[in-house]
Amino acid sequence: MAKKKAEEVVEEVSQTEAPEDTSISLNDLQVLANIVDLATQRGAFRGNELTQVGQVFDKLSTFLAQVAAAQAEQTDAEEGTQEA
């Protein structure tokens, strides 16, 4: 079996795999936060990496909490207008 160049392999993969959806949903971000939390618990990160991982995790958690609060406010506002 002949060896293929890395460029040929990448080209073949890119031609056969077309991304279905490249957008990131809030659910995807929550899953990422869960993955970081789990990886940290399992010791997947080195000590010198924990500061950066923690900072990104904190930003992600804060963002998700703000979005959840905004959605709750919107839901409350919509329920208030339906009752009136």
Side-chain angles (χ1 to χ4, degrees):
M1 182 176 217
K3 290 184 178 181
K4 292 185 179 182
K5 293 180 182 178
E7 296 167 354
E8 292 174 353
V9 173
V10 170
E11 188 175 315
E12 286 178 13
V13 170
S14 64
Q15 290 176 358
T16 58
E17 294 179 13
E20 294 175 14
D21 186 11
T22 58
S23 64
I24 296 177
S25 69
L26 291 175
N27 189 45
D28 294 333
L29 294 176
Q30 184 61 54
V31 169
L32 285 173
N34 293 342
I35 290 169
V36 170
D37 191 36
L38 182 62
T40 302
Q41 290 175 15
R42 292 183 179 175
F45 303 107
R46 294 182 180 146
N48 63 344
E49 299 168 333
L50 291 176
T51 299
Q52 290 176 319
V53 171
Q55 288 173 346
V56 171
F57 181 80
D58 288 345
K59 286 181 182 180
L60 182 55
S61 296
T62 301
F63 173 77
L64 290 171
Q66 289 174 348
V67 169
Q71 287 178 340
E73 287 178 16
Q74 183 179 5
T75 301
D76 290 345
E78 289 174 358
E79 289 176 0
T81 57
Q82 289 176 358
E83 292 177 6

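The environment of L38 atom CG is dense: over 12 non-hydrogen atoms of other residues, nucleotides or ligands sit within 6.0 angstrom.
S23 is linked by a side chain to side chain donor-acceptor pair (under 3.5 Å) to D21, counting only residues two or more places apart in sequence or in another chain. Listed by chain and number, the residues in a side chain to side chain contact (heavy atoms under 4.5 Å, CB included) with Q74 are E78 (sequence neighbours excluded). Considering only residues two or more places apart in sequence or on other chains, Q71 meets the side chain to side chain donor-acceptor pair (under 3.5 Å) condition with none of them. Listed by chain and number, the residues in a side chain to side chain donor-acceptor pair (under 3.5 Å) with N27 amount to none (sequence neighbours excluded). Among residues two or more places apart in sequence or in another chain, the side chain to side chain contact (heavy atoms under 4.5 Å, CB included) test is passed with V56 by none. A search for side chain to side chain donor-acceptor pair (under 3.5 Å) contacts involving S25 returns D28, not counting sequence neighbours.
For the side-chain hydrogen bond (donor to acceptor under 3.5 Å, both in side chains) condition, no pair includes a residue of residues 44-58, sequence neighbours left out. For residues 29-41, the side-chain hydrogen bond (donor to acceptor under 3.5 Å, both in side chains) pairs, not counting sequence neighbours, are Q30-N34, D37-Q41.
In this structure, V36 shares a hydrophobic cluster with F45, L50, V53, F57, the cluster being traced through Ile, Leu, Val, Met, Phe, Trp and Tyr side chains under 4.5 angstrom apart.
Contact record, A33 with L64: CB-CD1, 4.4 Å, taken as the closest heavy-atom pair. V67 and L26 get closest at one heavy-atom pair: CG1-CD1, 3.2 Å.
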